[in-house]
Each structure stands twice: as C-alpha cells, then as structure tokens.
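Here it is, the structure in full.
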Amino acid sequence: MNHPENDKEYKGLAVNAGIEQPSSVSPYLKGRTRRKKPNLSVGDFVDGILKGDVTILSQAVTLVESVRPEHHAIAQEVIEKCLPYSGKSIRIGISGVPGAGKSTSIDVFGLHVLGKYDGKLAVLAIDPSSERSKGSILGDKTRMEKLSVHPKSFIRPSPTAGSLGGVARKTRETIILCEAAGFDKIFVETVGVGQSETAVHSMVDFFLLIQLAGTGDELQGIKRGIMEMADGIVINKADGDNIDRAKLAATQFRNALHLFPAPDSGWTPQVLTYSGFYNLGVKEIWDMVYHYIDFVKDNGYFEYRRNEQSKYWMYESINEQLRDSFYHNPKIETMLVDKENQVLQGSLTSFVAAKGLLDTYFKELRGEI
Ligand code: GDP
C-alpha cells in the first residue's frame with residue numbers, strides 16, 4: 001500500500017542526522033584535573049613552621065596524627081628539627097566535665113590573654129573518646145566563635161580516637177610544632193571524665209580545673225586525684241542567682257584542698273569564681289595563672305616540672321613502642337586468641353599464658369625461632 005507520507009513530496013518527515021552531543025565536562029575545565037598537593041620535604045615543613053606559616057603547621061600536624069608509617073617518619077624528623085625552637089611558651093591544661101563551660105571559657109580566656117599579653121595562642125585538645133567522623137566534642141572551631149577567627153590563634157581538634165597514650169603523644173608533639181611556629185601560649189583542653197587529665201597534666205605548666213556549683217555535694221563528684229593535680233580550681237557560671245552557690249562551692253573546695261598534702265611546687269592552689277558567659281572574674285583567673293608562672297620560674301619548679309615531663313614522655317614512648325611491636329608481631333597476633341581462650345577455659349593460668357607469649361616474642365627477636 002502506498003502511504004502518502006512515503007511520497008517524496010513529504011520530505012519534511014525525514015529524520016535529520018542530528019548534531020554532535022556536547023561533552024558533559026566543561027571544555028574550560030579540561031586539562032585542569034585536581035592537581036595533587038606538592039609533597040613538602042622535611043626542610044620545607046621546618047622552614048614553613050619556623051616562619052609561622054599556619055597552613056604548613058596544619059599539614060605537619062596532620063602528619064603527626066597520621067597512622068601511615070611514612071608520614072610518621074617525616075613527622076618525627078620535622079619534630080626533631082623543631083625541638084630546639086620549642087619550649088618557650090606557657091602551657092595551660094584546661095579541664096572540666098561536659099557542660100562546665102570549657103568552650104565558652106576558652107573563647108574569653110583566649111581573647112583575654114591575647115589582648116593583655118600579645119603573642120600567639122594555640123588551642124589543642126585531648127579527647128580519646130571522640131572520632132572525627134562522629135564530630136569531635138573537643139576542639140570544634142564553631143565552639144570558640146571569636147577565638148577561631150582571631151588572626152593570632154590556632155585551634156586544632158583532638159587527634160582522632162585511639163589509645164589515650166597515642167592521642168596524648170600526638171598532642172604533645174603538636175605542642176612542639178606550635179611552639180616552633182611562635183605560639184607562646186598553649187591551651188590543652190580535655191574533658192574532665194577520667195584518665196585524660198593525667199595525660200594533660202603531664203604536658204602542661206598549669207592545670208586549671210573548671211567546676212560548677214552543684215547541689216552542695218559537688219566534691220563527691222570529682223576524683224581526689226584530679227583535684228590534687230589542679231593548680232587552680234575555678235567555679236564557672238557565677239552569675240545571676242547562682243553567685244552565692246558558686247561562692248559556697250568555692251569555700252568547700254578551699255576547705256577540701258587544705259586536706260591534701262602541700263604540692264611540690266610550693267604553690268597553694270587557688271579557688272576562684274567567675275562567669276565565662278558574662279566575662280566576669282576572667283582577669284583574676286589569668287592574673288593568678290601568670291602569678292603562678294612567675295612563682296615557679298623563680299623557685300625553679302617550672303624547669304623541674306618540664307624535665308620530669310620529658311622523662312615521663314620518654315618512658316611513655318618506650319612503653320608505647322614496645323606494646324606496639326609486641327601486639328603487631330604476626331606470630332603473637334596468631335597466638336593471642338588461642339591463649340586467651342585457654343585462659344578463659346581455665347586450661348592455662350594468665351601468668352603462664354603471658355609468659356608463653358613473651359617467651360615466643362623474645363625468642364623470635366633473638367632469631368631463635
Ligand atoms: P563545655 O561542654 O564544657 O565546652 O561547655 P560549653 O562552653 O559548651 O557550655 C555549656 C553551657 O553552659 C552552654 O549553654 C553555655 O552557654 C553555658 N555557659 C557557659 N558558661 C556560662 C556562664 O558563665 N554562665 C552561664 N550562666 N552559663 C554558661
């Protein structure tokens with residue numbers, strides 16, 4: 001059958017060849033694929049840090065925090081080269097339970113010390129419980145609104161979750177890099193819930209404990225050990241109708257501190273009240289901290305404490321590396337589960353199991369197996 005549209009006169013129905021489809025990638029971007037960051041050499045890192053270049057400092061801290069052995073190796077070299085330029089700062093540990101007002105306080109504390117004493121401030125954190133993917137509780141820049149945009153501040157969140165020792169070591173190494181970059185005031189924040197205070201205490205010159213006035217039995221809540229570490233206890237939120245309760249809490253803390261043996265520093269820990277939110281009593285806190293620094297620099301305790309800390313970190317570092325070497329030994333890794341099961345089943349005592357594992361480890365080191 002002859003359809004009229006097949007007639008040559010209906011040419012218009014013919015399908016055109018069409019045009020070439022344009023690429024979905026903009027021609028302007030072609031050839032501009034993301035270039036990898038140039039790899040900096042150890043010398044580049046050290047130069048950048050010594051010049052106070054915060055971008056390079058951040059990159060170096062990232063290497064310190066990295067779990068990759070090649071990063072670790074570069075980081076160690078950078079730290080070693082920065083070490084002679086470090087140490088010239090005051091290091092302050094700031095601890096308090098969540099909600100005590102650490103972020104609010106550090107924001108005003110930071111602005112106060114930068115305003116009054118010049119220089120540069122780095123705020124670091126130790127929070128072994130946090131994982132960056134879940135959002136770090138500590139060190140999050142948005143928590144310190146004013147300080148985070150201050151040109152002389154450097155805020156770095158806690159290294160990602162890991163063993164407390166590992167997280168603390170990274171923070172201590174970061175202190176060295178920050179000092180070499182000219183940061184002469186270092187705050188190390190930690191959440192006041194456990195052992196992380198000991199770690200912070202082992203790397204700072206002054207340990208400031210932020211407390212809240214509670215229901216009258218606040219002293220029960222804090223571990224004796226943490227109070228004993230404090231060089232200053234400050235009761236936050238002394239504002240509005242909370243002032244009297246804060247003063248009462250301060251008296252209770254003062255009385256409690258009298259029961260502890262006198263600290264080696266010869267310094268009597270002070271108890272003050274303040275309001276971070278309303279910026280009341282902040283000056284007094286920092287007068288106290290600087291008074292302490294003068295006091296311990298005069299009597300030699302400042303130097304002594306830093307030396308003791310260096311010694312402590314040498315042993316910590318040895319312990320960490322020995323543990324690592326033991327637990328990452330392939331032979332040990334395969335034996336561990338088995339031994340653990342035997343201990344659980346009661347067919348092996350813990351002591352004998354441990355001895356067996358250690359013997360194997362040392363024999364292997366000596367090349368005997
Ligand atoms: P952090 O968890 O220790 O970092 O505590 P934040 O700084 O986040 O403070 C916890 C809550 O306490 C926030 O709602 C703050 O606004 C409030 N806060 C902090 N400092 C003060 C203060 O001095 N007075 C009062 N009334 N509230 C405060």
Side-chain angles (χ1 to χ4, degrees), residues 92-115 121-132 134-150 153-159 161 167 171 186-201 204 206-216 218 221-223 226-227 229-250 253 270-289:
I92 315 292
I94 299 178
S95 179
V97 293
K102 290 181 298 302
S103 352
T104 316
S105 303
I106 290 174
D107 211 23
V108 290
F109 289 172
L111 292 181
H112 176 80
V113 294
L114 285 173
L121 167 69
V123 180
L124 313 175
I126 292 190
D127 177 15
S129 63
S130 83
E131 281 173 41
R132 204 164 282 162
K134 289 186 197 156
S136 172
I137 338 170
L138 297 177
D140 181 352
K141 289 190 176 187
T142 56
R143 297 183 314 127
M144 297 157 201
E145 275 177 31
K146 298 198 192 81
L147 203 55
S148 61
V149 294
H150 195 290
S153 81
F154 175 72
I155 300 180
R156 184 83 189 187
S158 174
V167 171
T171 303
I186 315 276
F187 289 177
V188 186
E189 177 191 10
T190 191
V191 77
V193 287
Q195 288 186 317
S196 43
E197 281 81 8
T198 319
V200 172
H201 185 252
V204 297
F206 188 101
F207 187 75
L208 187 70
L209 186 59
I210 299 182
Q211 289 293 317
L212 292 176
T215 50
E218 45 273 309
I222 356 172
K223 293 192 193 77
I226 296 179
M227 251 183 92
M229 278 191 278
D231 300 297
I233 296 179
V234 288
I235 321 283
N236 190 18
K237 308 195 188 180
D239 47 52
D241 54 11
N242 202 30
I243 294 182
D244 288 341
R245 282 200 296 157
K247 282 191 178 147
L248 179 65
F253 275 110
Q270 306 282 300
V271 184
L272 299 172
T273 61
Y274 79 109
S275 165
F277 192 82
Y278 295 101
N279 201 347
L280 301 168
V282 170
K283 177 186 175 295
E284 286 72 10
I285 293 177
W286 290 92
D287 287 351
M288 162 182 73
V289 173

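When a residue number appears, it is its place in the shown sequence, counting from 1. Just so you know, ligand 1 is whichever comes first in the structure, and atom 1 is the first atom listed for that ligand. Since the model is a prediction, treat every value here as computed from it, not as a measurement.
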**Study point:** Numbered atoms of ligand 1 (with element) below 4.0 Å of Ala100, judged on heavy atoms
**Key:**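 Within the 4.0 Å cut-off of Ala100, ligand 1 contributes 3 (O).
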Check your understanding: Sub-3.5 Å donor-acceptor pair from the side chain of Ser275 to the main-chain atoms of Lys237, do we have one?
Key ->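 Between the backbone of Lys237 and the side chain of Ser275 there is no qualifying donor-acceptor contact (under 3.5 Å).
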Review point. Can you list the atoms of ligand 1 that are under 4.0 Å from a heavy atom of Gly276?
Key: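 Taking each heavy atom of Gly276 in turn, ligand 1 has 23 (O) under 4.0 Å.
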**Study point:** Close-contact set for ligand 1 against Pro98 heavy atoms, below 4.0 Å
**Key:**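 Taking each heavy atom of Pro98 in turn, ligand 1 has 2 (O) under 4.0 Å.
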Point to revise | Donor-acceptor pair, side chain of Lys102 and main chain of Val97, under 3.5 angstrom | key: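 Checking the backbone N and O of Val97 against the side chain of Lys102, a donor-acceptor pair under 3.5 Å is found.
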Point to revise | N or O contact, Tyr278 vs ligand 1, cut-off under 3.5 Å | key: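 In fact, backbone or side chain, Tyr278 has no N or O that close.
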**Study point:** Passing option when Trp286 is tested against Tyr274, Phe206, Phe109 for ring-ring contact (aromatic ring centres under 6.0 Å, His included)
**Key:**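 Of the listed options, the one satisfying the test is Phe109.
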Check your understanding: Between Lys237, Lys102, Glu189, Met144, which one has a non-hydrogen atom sitting closest to atom 28 (C) of ligand 1?
Key ->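 When every heavy atom of Lys237, Lys102, Glu189, Met144 is considered, Lys237 comes closest to atom 28 (C) of ligand 1.
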Review point. Between the main-chain N or O of Asp107 and the side-chain N or O of Lys146, is there a donor-acceptor pair closer than 3.5 Å?
Key: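 Checking the backbone N and O of Asp107 against the side chain of Lys146, no donor-acceptor pair under 3.5 Å is found.
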Point to revise | Val97: numbered ligand 1 atoms lying under 4.0 Å from its heavy atoms | key: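 This gives 3 (O) as the contact atoms.
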Check your understanding: Which of the numbered atoms in ligand 1 are below 4.0 angstrom from a heavy atom of Ser275?
Key ->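 Every atom of ligand 1 under 4.0 Å from some heavy atom of Ser275: 22 (C), 23 (O), 24 (N).
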Point to revise | Interfacing atoms of ligand 1 (cut-off 4.0 Å, heavy-atom, Asp239) | key: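 Those of ligand 1 that fall under 4.0 Å from Asp239 are 22 (C), 23 (O), 24 (N), 25 (C), 26 (N).
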Practice item. Kindly say whether Gln211 contributes a backbone atom to a donor-acceptor pair with the side chain of Asn236 at under 3.5 angstrom? Key: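 Such a contact is absent between Asn236 side chain and Gln211 backbone.
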Point to revise | Phe154 ring center near Phe187 ring center (under 6.0 Å) | key: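 Between Phe154 and Phe187, the centre distance exceeds or equals 6.0 Å.
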**Study point:** Contact (N/O only, under 3.5 Å) between Ser105 and ligand 1
**Key:**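 No, no N or O pair falls under 3.5 Å.
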Check your understanding: Can you tell me if Ser153 uses its side chain to pair, donor with acceptor, with the backbone of Val149 under 3.5 Å?
Key ->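 Here the side-chain-to-backbone pair does not exist.
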